Visitor: 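Here it is: the structure, laid out below.
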Amino acid sequence: MNENEFDLTARAWLEDGPTRMADHALLSALEEIHTTRQRRAVWPAWRATPAGIGWRGRPTLQRVSLVVAYGIAAVALVTVGSVLVANLRTIQGPAAPTSTLPASGPTSSGGMWPQSTLDEVRLAQERAEAGDPAYTWQVGARIVDHEPYTQVDAELVDRFLREALGWESYEFQDGGVFSDWAGTGDGWVEGSVSGQQYRRCAAGGTNLLYPDASCAPTLDDLHYETVSFDMAQLARAGRDGIWVVTGWRSAAPFVQAVPADAEADARRRLEAFLAARVAGSGAERDVLIDDRHVLPLLYATTSGARYERYELERLEGPDWPDGRMTFRVRLIADGGATVVEQEVAVQQGNPLWVRDETTTENGQPVPLSHASPDGSVSVTAPATWQAWLNGTSTGVSPDDVWFGALWRVGDFFGGEGEQVELTDPVAFDAWCGAQGGSPLLSGPASAAEIAQQVIADPTFESTAPVAARIGGLEAVSMDVTLAPGGDPCGAFGIEISRWVHAVGPGERLRLYLVDLPEGMPVRTLAVTVVATQDRFDDVIAETAPIIDSIEFHPNATATPTVVP
Amino acid sequence: MNLALVEAARSGDEEAFASIARGSADRLFAVAHRILRDVGRAEDAVQQTLVTAWRELPALRDAERFEAWLHRILVHACYAEAKRASRWAANVVALPLDGPATRDTTQDIVTRDALDRGFRRLPPEQRAAFVLHHYLGWSVADIADNLGVPTETIRSRLRYATSTLRAALDADARTTSTAPLERMA
């Protein structure tokens, strides 16, 4: 199944299912609302603003009357617009960024192009099929951006923007919706495409606020003319069908942030965040918190020492278009003897994002403790490692295979990066067999028995098992590689723990097997570390503290935790 | 979305908010159900979303962002529901899709089952990204913006979700294609 077919299949699958909520459920919500008080407003009265990302009205910069601005903006959608905008720039000078647009921006629209009636389209289709170069250029549209799968490349797009709108330079901004995919796997699209958005770039212009940006605004120093259009194959859908623009309209002008304002705003927010951390409360208000971002050492060092002061240093930005920035912050405790450093990303309109993986204390990555949702297993790893200890009770594992994994931040989980994995080997093999594979194990077995089955399996080449300890319990350890021609029961690309099946050609796997006591959800646990042969010793050394930190908690009922 | 209704609701007009709720509930429910794959939990998520939206509405600065803001609350409500479910359920079994099957060919059923199995393996964050992208048609940038999550994170979640679902389909196809050979052997 190619990508297009997959997208079609997935969308059709998502379309299935209920779309109407039961009346009693809605009534119940409304009853609760009736007894719920609204919070007091935090912000002054607002008014409607355009939906453009990052837009914030800047009335102090509106130096030109709205009437003039509308006139300029509307005319700028046609070829003479650039002249007027240039004149405006001359009057105002380049020193201060100017915003001349009202919130809603200019509006304009148009119909079908280059043909203007269905009869003309049919005629053009016939001529294109006859090979007339005056029309063959309208044939064909390909998807060129697979992330997020929305941009099409067609000569029609370029000609429409240049010839119909008079745009000499432009950038793709956002994609819309495709009605049909060719399904040929080579990126052709058929049917219709709606909501393609492009922004106009000032021809030969320099972006005064972001000199490195490839596209300069056209309406003033901040705003870009933006258009949204639809296109379709009206006479014939398919690879041979010609495309026409079926309609277009100006969209809310794309806006770039004023770098100085963005930086001032970022520093203000960051100062407040850091001051709250020193004060010991309130730092959670403006920061991203979810189960992947744990805010390590928010108010104190690993020894519990409170912060005394902070410093911040700009690392990156302000970057086009929204002035996003990255800072390194230092929180200092113990009279300067302990320094916690973290990188924090700041983007207008979004909460602060502490890159927890960058957290160090006196230059060393900070260890974070992770526990499975069932509380039965905990492990500690440097902040530079991410953990996903799902256990079995999350509804995301295949059947009831207990699993967990740790991988370096920046590596793609489940990809080819080096990982530590924890798996119930017996349940995994049963699941693997149920998926049509050939399981390694014939049934439940102890750690020693599983080790012997691995040794006996011609799929693998193994070292002799040696005694080891995991979580304070006796265990066995062995190294495993794939035998020539070996073909383990893969997880079919499902990136969960795969225990011994994770080893691939050119890789080596350290396998620990440990029998767990009563009260644990798994009778025998496999802990694996996999790496390429040349990196194996280094990875084993690096992950040894992680393996050593594993603890088992029989009869635990804890909820999921991440303890900085 | 009627901005006047939003503004009235923001000022404490309960009836205005009820109108918004009536107009939004089905749409929110459809999204929640696709993330959670369970009618009861989806209803709970929508109820929580509406109550939260009512309570927090005065803090919303931009009326035109109401829809996106509402969906952001919904997604977080779904996260909470998923975690609540995982915390209390000893074993999560594959629940049947509650909606009507619009096509009933054997291959479609097999495909839907494979996708359903694969989807249940995804953590809620990846489910939400996948549903917002493929069901609501939001771009990666819109999802990131509306959820307050870095764009790269959304891309990563979509990649992972896609790879997992594709793997589920591939595994299914492999099983289907190998079955006759096994019978012959």
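Being a predicted model, the structure only gives us computed values, none of them experimental. Only this structure's heavy atoms are used, side chains among them; waters, hydrogens and symmetry mates stay out.
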Visitor: Do Asp26(B) and Leu26(A) pass the side chain to side chain contact (heavy atoms under 4.5 Å, CB included) test, and can you show the C-alpha distance, the side-chain angles, and the key distance before you say yes or no?
Guide: CA-CA 9 Å; Asp26(B) 287 347; Leu26(A) 176 59; over 6 Å; no
Visitor: State whether the side chain of Arg20(A) and the backbone N or O of Ala30(B) hold a donor-acceptor pair below 3.5 Å, judged by distance alone.
Guide: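 Such a contact is absent between Arg20(A) side chain and Ala30(B) backbone.
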Visitor: OG1/Thr9(A) to NE2/His134(B) distance, rounded to the nearest 0.5 angstrom?
Guide: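 If we round to the nearest 0.5 Å, Thr9(A):OG1 and His134(B):NE2 are 11.5 Å apart.
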Visitor: Sort Glu14(B) into side chain, backbone, both or neither according to what part of it lies under 4.5 angstrom from a heavy atom of chain A.
Guide: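 The side chain, not the backbone.
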Visitor: Heavy-atom distances under 4.5 Å only: say whether Ala9(B) touches chain A with side chain, backbone, both or neither.
Guide: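 Backbone only.
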Visitor: Given that the side chain runs from C-beta out, which part of Thr49(B) has a heavy atom under 4.5 Å from chain A: side chain, backbone, both or neither?
Guide: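 Neither part; nothing is under 4.5 Å.
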Visitor: What are the two closest heavy atoms between Val51(B) and Ala29(A), and how far apart are they?
Guide: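 The pair with the smallest heavy-atom distance is CG2-O, 4.1 Å.
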Visitor: Does the pair His24(A) and Glu43(B) meet the rule for a side chain to side chain contact (heavy atoms under 4.5 Å, CB included), with working shown?
Guide: CA-CA 10 Å; His24(A) 67 82; Glu43(B) 287 176 348; 4.0 Å; yes
Visitor: Side chain to side chain contact (heavy atoms under 4.5 Å, CB included) between Glu15(A) and Tyr135(B): does it pass, once the steps are laid out?
Guide: CA-CA 7 Å; Glu15(A) 286 295 330; Tyr135(B) 184 64; 3.9 Å; yes
Visitor: Which pair of non-hydrogen atoms, one from Leu14(A) and one from Phe130(B), has the smallest distance, and what is that distance?
Guide: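 Smallest interatomic distance, heavy atoms only, reads CD1-CE2, 3.9 Å.
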Visitor: Should Thr19(A) and Phe29(B) be marked as a side chain to side chain contact (heavy atoms under 4.5 Å, CB included) after you check the CA-CA gap, both sets of side-chain angles, and the distance that decides it?
Guide: CA-CA 7 Å; Thr19(A) 56; Phe29(B) 171 74; over 6 Å; no
Visitor: Can you see which heavy atom on Pro18(A) is nearest to which on Arg34(B), and at what distance?
Guide: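 Closest approach of Pro18(A) to Arg34(B), heavy atoms only: O-NH1, 2.9 Å.
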Visitor: Out of curiosity, Glu32(A) CD to Leu50(B) CG, how far, rounded to the nearest 0.5 Å?
Guide: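 Separation between the atoms: 10.0 Å.
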Visitor: Rounded to the nearest 0.5 Å, what's the gap from CZ on Phe17(B) to NE2 on His34(A)? Could you check?
Guide: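 With rounding to 0.5 Å, CZ (Phe17(B)) is 14.5 Å from NE2 (His34(A)).
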Visitor: So, the side chain of Gln47(B) versus the backbone of Ala25(A): is there a donor-acceptor pair under 3.5 Å, distance only?
Guide: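 Side chain of Gln47(B) to backbone of Ala25(A), a donor-acceptor pair under 3.5 Å: yes, one is there.
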Visitor: At a heavy-atom separation under 4.5 Å, does Ala22(A) approach chain B through its side chain, its backbone, both, or neither?
Guide: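 Both parts, backbone and side chain.
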